[in-house]
Amino acid sequence: METAEIARRFLAFFEKNGHTVVPSASLVAEDPTLLLVNAGMVPFKPYFLGQRTPPYTRATSVQKCVRTIDIDEVGKTSRHASFFQMLGNFSFGDYFKEGAIPFAWELLTSSVADGGFGFDPDRMWVTVYLDDDEAETIWREKVGLPADRIQRRGKADNFWSMGVPGPCGPCSEIYFDRGPAYGAEGGPVADENRYLEVWNLVFMQFERGEGSGKEDYPILGELPSKNIDTGMGLERMAAILQGVDNIYETDTLGRILRRAAELTGVAYGDNERSDVSLRVVADHVRTATMLVADGVKPGNEKRGYVLRRILRRSIRNLRLLSGDESFHMHDLTAVAIDAMGDQYPELRADADKIHSVIDAEEKNFADTLRAGTALFNRAAERTRRSGSTEFSGADAFQLHDTYGFPIDLTLEMAAEQGLKVDEETFHQLMQRQREAAKRDAKAKKLGNADISVYARLLETGGPTDFLGYTESEGEARVLGVIVNGEATGVARKGDKVELVLDRTPFYAESGGQLADKGTIAVDGRGVVDVEDVQKPIKGLFVHRGTVRDGEVVVDDTVHAAIDTDRRASVSRSHSATHLIHSALRNALGPSAGQAGSENQPGRLRFDFTSNKPLDAAEIAHVEEEVNEVLARNIEVQYMETTLDKALQMGALAMFGEKYGERVRVVDMTDYSRELCGGTHVGATGQLGLVKVLGESSVGAGVRRVEALVGLDALRRVSTESALVGQLSEQLKAPREELPQRIDAMVARLRAAEKEIERLRAAQVLQVAGELAANAREIGGVRVVTHRTADGTTADDMRKLALDVRGRLGESAPAVVVVAGVPADRPVVVVAANKEAQHSGLKAGELVGVAARVLGGGGGGRPDIAQGGGSDAAAVETALQAVEQRVAQS
RNA sequence: GGGGCCAUAGCUCAGCUGGCAGAGCGCCGGUUUUGCAUACCGGAGGUCAGGGGUUCGACUCCCCUUGGCUCCA
């Protein structure tokens with residue numbers, strides 16, 4: 001049975017039994033305590049925790065999950081995968097054990113023809129928690145399972161909690177006996193490899209208290225409303241139903257694995273090591289594809305880093321397999337998209353974007369490896385030169401930590417060169433880094449933002465009603481007053497406060513549009529200046545500001561009014577953003593998708609995906625097209641509809657963005673149509689003018705254009721126009737000829753500078769012959785001292801000294817001292833020939849003698865040295881000092 | 001969130017404890033006339049990311065800014 005069919009049957013079975021089918025949530029969890037969704041129940045957590053009321057009492061889903069804790073186990077065992085899908089059915093205060101157990105049994109054991117999975121009842125085993133007699137009774141009496149196939153297990157295996165105070169309870173797990181070939185008799189307690197866990201039923205029965213660890217907490221009592229949460233691993237089920245030994249050989253992962261084998265020329269089953277690599281590649285390519293599809297981009301932190309690690313591990317394993325450095329990710333990603341596309345059609349729709357992200361990372365990693373290889377070779381050479389055969393752990397760590405060069409590659413390359421690696425030191429350094437990061441995270445107490453105070457407000461007061469599409473002010477009731485993260489109920493003059501209202505004209509920052517500013521006033525009692533508005537959780541508007549006067553208390557009736565000038569200006573920016581988006585797509589094709597934006601008053605930023613920079617002509621074209629649309633004065637229309645309908649109408653949605661069921665479409669007739677919750681102008685003519693400032697890079701594959709809108713655009717244009725006018729006047733050239741004129745000037749200037757340089761050098765060197773001819777003899781050393789004309793540069797002095805030294809030859813020791821004052825400080829240069837150096841006259845030392853006289857210091861090599869000081873009057877004395885020094889030797 | 005590193009010619013990078021800014025490839029010119037990057041000779045090309053500081057002197061040391069790479073959480 002194919003994976004997609006298993007999922008379909010599961011959902012159909014529970015739908016038939018009164019469950020609402022809930023589509024898989026994005027892997028990017030809404031829950032700020034989680035990086036990625038790692039279990040089937042995550043999207044339902046607020047319901048289980050009582051933070052929100054579920055819109056249904058029975059639900060079922062197939063949830064995408066990513067788990068990276070045992071990423072190192074992937075490929076080595078038959079079950080670990082970084083990406084998997086959880087089938088589950090959920091009950092919120094509806095049925096409990098007496099419902100969940102028979103449902104599971106029926107679906108597993110009813111025949112394939114009847115829509116079930118067709119398991120042989122005689123090969124099924126279950127476990128229940130130590131004292132859960134209730135569950136055992138249901139299994140025996142309602143299901144009819146023999147008592148000898150029901151086993152009891154302790155808290156570690158069969159008791160569930162979320163690790164925090166809240167619901168907890170016993171579990172019952174269902175196992176399938178794969179037969180004697182897979183291990184010992186005796187049920188799951190004896191051998192979990194032979195008896196494979198297929199389904200875990202969690203009974204949320206009790207409330208637990210504060211406590212550390214998995215088993216160390218008190219049970220406070222029974223929950224008033226009991227819930228069911230079950231989980232069946234789709235991949236594992238597929239392996240069983242497809243009669244294969246491990247999940248990598250199922251229909252979906254198997255396709256990627258076979259293609260990887262083909263591409264690298266390695267046969268699966270050849271040897272354990274390459275098999276592990278092939279399984280890692282299959283797993284990781286799929287995980288990466290799913291993550292990218294949900295909008296994750298490779299990066300250096302958080303989810304981006306998880307993705308980067310997964311991608312780099314697969315690329316690394318591909319290189320191990322093929323033994324060369326060819327690129328295979330594109331091909332494999334295509335297979336993954338195809339293999340998963342039946343279940344997740346959006347993969348096919350977004351294939352281009354997924355490819356471009358993964359291909360870019362593959363190239364990026366190839367660069368990292370190339371640079372790292374060069375660094376490794378240098379370090380290895382250093383090691384060998386020092387006579388050691390051990391590559392230091394510090395070097396290995398630096399390669400890894402600073403340059404991203406994988407340790408396994410270091411080990412391998414070191415072995416090739418006959419070097420050992422000090423792995424112990426390496427691991428110590430890794431450990432130290434981990435501890436430092438943890439210590440820091442703890443000290444900052446960050447990472448897990450506390451949103452419970454907002455969740456409670458949303459729970460009691462419901463979502464905020466947004467009036468701002470039509471109103472700029474209105475009456476509202478205060479539902480929450482938060483100071484310093486706590487619901488205090490009151491805020492007084494000077495307090496930084498967060499206010500939650502039942503309805504508001506304030507737009508909260510989202511979709512790139514900045515929040516409104518304005519005031520919230522309590523009649524005759526107080527005023528709050530609103531500086532920012534955010535939605536910390538979906539649907540809840542939080543107004544942040546300062547109490548300017550008086551006080552504000554929960555339940556107050558207030559008058560909320562936004563700064564309408566600011567709003568109008570931000571709206572103009574937002575409308576302009578849509579126009580620029582359309583113009584870019586017209587110019588570059590549909591691959592120029594939006595990757596982020598920011599709409600400030602009078603100014604906007606638009607990020608889009610593109611592999612190459614826009615040239616000046618393309619920018620000009622986009623700008624012109626946008627301004628033409630302004631002149632057409634297109635009316636902006638809005639409609640509210642379902643997500644599906646909007647997409648059918650061709651509205652642009654943002655890649656990787658999450659949308660609710662009801663969406664708002666902003667429409668500028670034939671020119672632009674986008675899903676957007678932001679505010680806009682009434683007609684495009686109100687924008688006045690859009691001036692693109694330029695284009696730049698944000699990161700790999702993402703470009704940014706920035707533009708000014710309205711009066712800000714006009715001001716920019718007019719100041720630049722004035723600037724050009726001024727230049728034209730200064731250069732006495734018509735505007736159009738300015739670039740050529742400047743080019744010509746720069747070229748002439750350069751030529752002139754070179755000519756001056758040449759002439760000056762010639763002039764300086766003119767005296768060289770004469771100086772050499774007049775060299776004096778001091779104690780067997782030929783000595784030339786010379787003071788250059790003021791203004792002679794240090795560089796020219798050096799040239800002169802070297803020239804004169806050359807003319808003096810090597811027949812006898814020779815020392816040349818040149819000093820002068822290039823600007824306001826004296827400089828001295830000393831050159832000594834080989835003979836002089838042999839007899840102990842080193843330029844570096846001689847220059848020191850002169851420089852000290854000048855009130856400074858100096859140094860250099862034995863053959864040529866340079867120094868200087870601050871006393872310009874002492875130049876002659878300095879020259880004499882060197883002569884004396886020579887005479888003494 | 002906490003670290004490490006990098007920015008030098010069109011590209012890839014060297015440049016040691018401060019003292020002459022370099023190589024390979026590419027480009028231009030010449031000779032050679034070609035077995036898969038033909039060889040040889042010559043040449044052009046630089047605000048050493050930007051700003052400040054220390055110093056007689058900074059590509060080099062220190063600080064700041066900008067951009068990039070990378071590890072850990």
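Atom set for the values below is all heavy atoms of this structure, side chains included, hydrogens, waters and symmetry mates excluded. Quick note on labels: first sequence line is chain A, next is B, and so on, each numbered from 1.
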Between B:C71, B:A73, B:C13, which one does the side chain of A:Arg312 approach most closely?
B:C71
Selected nucleotide, minimal atom distance to A:Arg798 side chain, candidates B:C13, B:C69, B:C20:
B:C20
Salt-bridge contact [X]-[Y] (side-chain N to carboxylate O under 4.0 Å):
{"X": "A:Asp712", "Y": "A:Arg716", "result": "no"}
{"X": "A:Arg603", "Y": "A:Glu598", "result": "no"}
{"X": "A:Glu390", "Y": "A:Lys420", "result": "no"}
{"X": "A:Arg384", "Y": "A:Glu381", "result": "yes"}

Between C1' on B:C20 and CG on A:Asp863, what's the gap in Å once rounded to a whole number?
10 Å
Distances under 3.5 Å between protein N/O atoms and the N/O atoms of nucleotides 16-18 of chain B, please, pair by pair.
none

I'd like the [atom1] distance from [M] over to [N], given in whole Å.
{"N": "B:C36", "M": "B:C48", "atom1": "C1'", "result": "39 Å"}
{"N": "B:C56", "M": "B:G3", "atom1": "C1'", "result": "38 Å"}
{"N": "B:C11", "M": "B:G53", "atom1": "P", "result": "31 Å"}

Return the pairing partner of B:A9 with a 3.5 Å limit on both distances, Watson-Crick or G-U wobble; otherwise return none.
none
Write down the partner of B:G45 under the Watson-Crick or G-U wobble criteria, each distance required to be under 3.5 Å.
none
With no hydrogens and no angle check, is any side-chain donor or acceptor of A:Arg807 less than 3.5 Å from a backbone partner on A:Leu771?
no
Which parts of nucleotides 4-10 of chain B does protein reach within less than 4.0 Å, heavy atoms only, written one letter per nucleotide 5' to 3' as B for base, S for sugar-phosphate only and - for none?
BS-----
Side chain to side chain donor-acceptor pair (under 3.5 Å): which pairs involve residues 834-859 of chain A, sequence neighbours left out?
none
Could you pull out all residues at least two apart from A:Tyr403 that satisfy ring pair (Phe, Tyr, Trp, His ring centres under 6.0 Å)?
none
Ring pair (Phe, Tyr, Trp, His ring centres under 6.0 Å) filter on A:Phe606, not counting sequence neighbours, yields A:His581
Would you call the rings of A:His400 and A:Phe426 parallel, tilted or perpendicular if under 30° counts as parallel and over 60° as perpendicular?
perpendicular
Can you give me the N/O atom pairs linking the protein to nucleotides 56-61 of chain B at distances under 3.5 Å, or say none if there are none?
from: B:C56; atom 1: O4'; to: A:Gly868; atom 2: O; distance (Å): 3.2
from: B:C56; atom 1: O4'; to: A:Gly869; atom 2: N; distance (Å): 3.4
from: B:C56; atom 1: N1; to: A:Gly857; atom 2: O; distance (Å): 3.2
from: B:C56; atom 1: O2; to: A:Gly868; atom 2: N; distance (Å): 3.1
from: B:C56; atom 1: N3; to: A:Gly857; atom 2: O; distance (Å): 2.8
from: B:C56; atom 1: N4; to: A:Gly858; atom 2: N; distance (Å): 3.3
from: B:G57; atom 1: OP1; to: A:Arg825; atom 2: NH1; distance (Å): 3.4

Would you classify A:Arg378 as touching base, sugar-phosphate or nothing, given that sugar-phosphate means primed atoms plus P, OP1 and OP2, and contacts are heavy atoms under 4.0 Å?
sugar-phosphate
Report yes if at least one side-chain N or O of A:Arg434 is closer than 4.0 Å to OP1 or OP2 of B:G2; otherwise report no.
no
What do the steps show when you test A:Asp871 against A:Arg825 for salt bridge (charged side-chain N to carboxylate O under 4.0 Å, His left out), and what is the final call?
CA-CA 7 Å; A:Asp871 186 2; A:Arg825 285 183 154 159; over 6 Å; no
Walk me through whether A:Glu361 and A:Arg312 qualify under salt bridge (charged side-chain N to carboxylate O under 4.0 Å, His left out).
CA-CA 8 Å; A:Glu361 181 63 11; A:Arg312 295 195 165 190; 2.9 Å; yes
